[in-house]
Amino acid sequence: MRIEYLNLSRIHNSIRSELDAAYNSVLDNEWFIRGEYCLKFEEEFAKYCNVSYCVGVGNGLDAISLILKALNIGSGDEVIVPANTFIASILAITEVGATPVLIDASYSTLNIDISQIEKKITKNTKAIIVVHLYGRMVEMSAVSNIAKKHNLFLIEDAAQSHGAMQNGKRAGCHGVAGAFSFYPGKNLGALGDAGAVVTNDKSLAERVKEIANYGSKEKYVHNYIGVNSRMDELQAAFLSVKLKYLDEWNIERRRIGYIYCSNIFNSKINITMQENDFNSDNVVHIFPILVEERERLFEYLNGLNIQAYIHYPIPVYKQAAYKEMNWCDSDYMITNKICNTEVSIPLYPGLTNEEIKYVCSALCNFK
Ligand SMILES: *Cc1c(COP(=O)(O)O)cnc(C)c1O
């Protein structure tokens with residue numbers, strides 16, 4: 001048996017005729033960027049998230065930087081962001097010329113340590129970006145209170161949490177705006193690059209749309225120094241097909257996560273799993289386990305033909321790209337520990353019960 005970390009063809013084959021039809025409709029329509037399929041998906045995704053506006057953009061990184069640009073955040077401004085995240089959350093901040101202020105992770109949630117946010121707020125702080133990493137929601141009421149108290153914009157990087165819910169609100173809808181990526185491997189993935197911004201603020205949505213379209217609302221009239229980051233029709237049409245299945249797929253993700261959590265016991269090696277609450281509406285984008293003997297575990301899993309990954313092997317604060325920031329190791333001990341011990345095991349809709357069992361017994365028998 002060989003167990004791939006991710007197999008998208010299982011999902012895509014189950015809806016192949018719908019994807020084929022979507023492709024053919026766009027081809028016949030002869031309009032390929034920001035047309036009726038984009039508008040349709042924007043409406044559907046806004047409705048799904050229960051927000052007033054959704055703007056389809058080029059990718060998830062742009063979704064974040066477009067929000068920052070539309071909020072006029074730039075040079076001289078500081079933005080609070082978790083240290084344990086994919087680099088895109090931070091690239092968006094430096095792209096607009098603002099300064100990322102990294103907050104260490106909490107070991108129990110692997111997300112931003114909320115208790116450390118307030119002491120990093122200065123007179124230059126303009127926004128907090130939270131990331132619902134691995135599909136697990138940050139406790140939004142706590143962060144929201146801090147943002148309100150200090151008059152900061154609260155932005156969600158929801159690239160790993162499509163459909164997650166807390167206090168009756170979807171991920172992406174708790175602050176001023178939320179950013180989504182539809183990179184193929186995400187819980188809701190296109191068949192190429194795509195992203196979206198969701199918000200209840202009409203003028204913010206309009207600014208995002210305008211900046212993403214060369215800073216232009218009316219052809220050849222430019223109010224902003226814009227960029228080109230638009231959703232194309234093919235991706236929008238594919239996303240409309242896949243959105244219908246998102247809840248079903250997320251339920252399957254939680255089911256597998258629950259099986260892993262309740263069946264992986266190892267008396268010899270300490271395997272730490274998140275105290276994930278599978279009754280809640282977290283969406284288990286990634287199933288992280290923490291193991292000190294990671295190298296050995298990788299060899300072992302490799303020998304059993306189980307593919308695993310690391311999210312993320314080198315923390316952003318140690319990346320050469322950011323060496324000028326002089327981020328100090330001792331401020332990010334938990335993030336460092338996570339990056340040194342994390343292993344992501346296969347979890348996706350389409351994984352069979354036999355495969356799930358095989359992964360469980362492999363981890364139970366590791367010594
Ligand atoms: C994937 C991802 C992004 C970036 O999305 P792209 O569409 O690849 O640009 C941003 N933030 C997080 C947390 C992600 O996982």
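Counting starts at 1 for both ligands and their atoms, in listed order.
Taking the charged nitrogens against the carboxylate oxygens, Lys47 and Glu43 have no contact shorter than 4.0 Å, which rules out a salt bridge. With respect to the salt-bridge test (charged N to carboxylate O, under 4.0 angstrom), the residues Glu355 and Arg10 qualify.
Using modelled atom types, one side-chain atom of Asn187 and one backbone atom of Val283 make a donor-acceptor pair closer than 3.5 Å.
Distances below 4.0 Å separate heavy atoms of Gly60 from the following atoms of ligand 1: 5 (O), 6 (P), 7 (O), 9 (O). Close contacts of ligand 1 with Val131, meaning ligand atoms under 4.0 Å from a residue heavy atom, involve 13 (C). Close contacts of ligand 1 with Ala88, meaning ligand atoms under 4.0 Å from a residue heavy atom, involve 3 (C), 4 (C), 10 (C). Each of the atoms 4 (C), 5 (O), 6 (P), 9 (O) of ligand 1 lies under 4.0 Å from some heavy atom of Leu61.
Geometrically, ligand 1 and Ser181 share a nitrogen or oxygen pair separated by less than 3.5 Å.
In this structure, Arg207 forms no cation-pi arrangement with Tyr224, as its terminal cationic atom is not both closer than 6.0 Å to the ring centre and no more than 45° off the ring axis.
Judged by distance alone, the side chains of Glu18 and Tyr245 do bring a donor and an acceptor atom under 3.5 Å apart.
When only non-hydrogen protein atoms are considered, atom 13 (C) of ligand 1 lies nearest to Asp157 OD2, 3.4 Å.
Under 4.0 Å from ligand 1, heavy atoms of Asn59 appear from its side chain as well as its backbone.
Classification of the Phe45-Phe180 ring pair by plane angle, with boundaries at 30° and 60°, yields perpendicular.
When His285, Gln160, His311, Lys186 are checked for heavy-atom proximity to atom 2 (C) of ligand 1, Lys186 turns out nearest.
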